[in-house]
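Beneath this line is the structure, given in structure tokens, with notes to follow.
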Amino acid sequence: MSRAGKKSLEECLERVVPSERVQRDVPMREHTSFRIGGPVDYLVTVKSRSELVAVLGCCRRVGVPYLILGRGTNLLVRDGGFRGVAVRLDGAFLDLEWEGRRVEAGAAVSLADLARECGRRGLSGLEFAVGIPGSVGGAVVMNAGAYDRSVSDVLESAEVLRPSGRGEGPTGGPAGGEVARISAAGLGFGYRRSCVQDEGWVVLSARFELVPGDPVAIRALEEEFTRRRRERQPLDLPSAGSVFKRPPGHYAGRLIEEAGLKGLRVGDAQVSEKHVGFIVNLGRATARDVLELIRRIQQAVFERSGVVLEPEIKIIGEDS
Ligand SMILES: Cc1cc2nc3c(=O)[nH]c(=O)nc-3n(C[C@H](O)[C@H](O)[C@H](O)COP(=O)(O)OP(=O)(O)OC[C@H]3O[C@@H](n4cnc5c(N)ncnc54)[C@H](O)[C@@H]3O)c2cc1C
């Protein structure tokens with residue numbers, strides 16, 4: 001970003017959020033579960049919808065890309081970092097509103113905490129999510145799921161912010177935005193995908209519709225899912241969960257194992273010994289290590305089985 005660009009962005013941000021919530025040159029490794037990633041130019045924390053609209057307006061006015069940061073559990077940020085603004089949701093985005101079998105959860109709420117609270121209230125449907133470490137917003141974007149269930153099975157609708165103007169992307173167009181409630185059917189859900197990012201929307205909140213259940217039975221199922229994860233996943237090491245989507249008719253893990261790649265290492269990035277679908281950071285892994293490991297896995301699996309593995313994790317930023 002040019003010096004003039006930085007100056008006008010900073011002047012704009014200063015007008016719309018308190019200065020202590022605008023951080024400069026923040027290493028993304030501090031904000032991702034992989035513990036990898038170079039610096040983002042600005043990390044801005046917004047606590048209300050109006051602040052969010054205003055901050056995105058600043059970005060668009062100055063022509064600076066932005067990234068909505070959830071809990072960073074599905075993100076690989078390259079070593080050169082991200083030239084733009086990472087926006088973190090807080091404050092009002094942590095609100096929960098309960099109404100009978102429904103709950104409206106702010107985008108920054110922890111999906112796993114929400115799932116557990118539903119269980120305590122005798123509401124069933126989100127048990128699968130107790131071990132998914134992301135936010136509600138990230139879970140809607142990714143249509144997060146496990147054990148043959150996913151967010152789209154329990155989501156009734158989501159409120160999204162649409163960039164104002166005529167379909168401008170995140171980096172163009174005038175300031176402002178329009179809030180719309182979109183039904184689950186309108187969110188373009190598929191396997192680990194939604195249309196939220198294609199449309200350039202920001203998830204503000206999500207309304208889940210659950211069914212009454214026995215809190216004891218719900219708790220038992222949650223404990224079973226948690227036990228399975230502890231047994232099968234390398235939860236003691238930084239990772240971004242499963243790196244690849246499940247290819248139709250196959251399991252990514254099995255293909256990787258059959259290609260003899262368990263434990264394969266590039267630098268400090270390793271194909272987990274415990275769950276071959278995960279790449280773990282053994283300490284000082286760089287994004288370059290992870291990307292090279294991904295390339296080698298894709299090549300070896302393709303050569304052995306003819307299947308193209310597609311990353312599930314979002315890869316952003318620039319090389320160093
Ligand atoms: C140990 C471990 C286990 C995991 N297990 C599972 C699993 O079982 N199933 C599964 O599906 N995933 C799993 N994941 C991956 C991850 O937790 C999910 O994909 C989760 O939904 C990502 O949420 P997040 O808030 O961390 O999103 P982030 O990683 O912060 O962001 C992901 C993408 O969503 C965008 N985004 C985030 N919030 C918003 C918003 N409010 N509006 C618009 N865009 C937004 C970001 O810009 C980014 O492109 C696992 C990860 C780990 C580390």
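Whatever order the structure lists ligands and atoms in, that order sets their numbers, starting from 1. Here, residue 1 is the first one in the sequence, and each next residue gets the next number.
Close approach of ligand 1 to G70 (heavy-atom distance below 4.0 Å) involves ligand atoms 25 (O), 30 (O), 37 (C). Residue-ligand proximity, G145 to ligand 1, at heavy-atom distances under 4.0 Å covers atoms 7 (C), 8 (O), 9 (N), 10 (C), 11 (O). The ligand atoms of ligand 1 that sit less than 4.0 angstrom from a heavy atom of A144 are 11 (O), 21 (O). Which parts of ligand 1 touch L235 is read off a 4.0 Å heavy-atom cut-off, strictly below it: atoms 1 (C). Applying the 4.0 Å criterion to heavy atoms of M142 picks out, from ligand 1, the atoms 19 (O). Against a heavy-atom cut-off of under 4.0 Å, P133 is close to the following atoms of ligand 1: 2 (C), 3 (C), 4 (C), 17 (O), 50 (C), 51 (C), 52 (C), 53 (C). In the vicinity of K314, heavy-atom distances shorter than 4.0 Å reach the ligand 1 atoms 49 (O). For ligand 1, the atoms sitting less than 4.0 Å from at least one non-hydrogen atom of A240 are 51 (C), 52 (C), 53 (C), numbered in the order shown with element in parentheses.
The backbone N or O of G145 lies less than 3.5 Å from a partner atom in the side chain of R192, making a donor-acceptor pair.
At a 4.0 Å heavy-atom cut-off, ligand 1 touches A107 through the side chain alone. Under 4.0 Å from ligand 1, the heavy atoms of S33 that appear belong solely to its side chain. At a 4.0 Å heavy-atom cut-off, ligand 1 touches R71 through backbone and side chain alike. Contacts between L204 and ligand 1 below 4.0 angstrom, taking non-hydrogen atoms only, are absent altogether. Under 4.0 Å from ligand 1, the heavy atoms of V141 that appear belong solely to its side chain.
The side chain to side chain donor-acceptor pair (under 3.5 Å) analysis of residues 22-32, with sequence neighbours excluded, yields the pairs E10-R24.
Checked against a 6.0 Å centroid threshold, the rings of F128 and F225 do not count as neighbours.
Considering all non-hydrogen atoms of both residues, S48 and A92 come closest at CA-CB, 4.4 Å. The two atoms that bring L76 and I36 nearest to each other are CD1-CG2, 3.9 Å, heavy atoms only.
A side-chain contact (heavy atoms from CB on, under 4.5 Å) with L293 is found for exactly one of V243, I279, L261, namely I279. Among R227, Q233, R229, the single residue meeting the side-chain contact (heavy atoms from CB on, under 4.5 Å) criterion with E231 is R227.
Around atom 23 (O) of ligand 1, the closest heavy atom drawn from S239, G134, S194 belongs to G134.
A 4.5 Å side-chain heavy-atom check between V179 and L204 finds at least one atom pair inside the cut-off. For the pair R232 and K274, the minimum side-chain heavy-atom distance is 4.5 Å or more.
For atom 35 (C) of ligand 1, the closest non-hydrogen atom on the protein side is Q197 NE2, 3.4 Å. Nearest protein neighbour of atom 17 (O) of ligand 1, counting heavy atoms only, is T73 OG1, 2.7 Å.
Residue V280 is found in a hydrophobic cluster whose other members, listed by chain and number, are L237, L282; membership requires side-chain heavy atoms under 4.5 Å apart, directly or through intermediates.
In this structure, W201 is part of the shell of residues with a heavy atom less than 4.0 angstrom from ligand 1.
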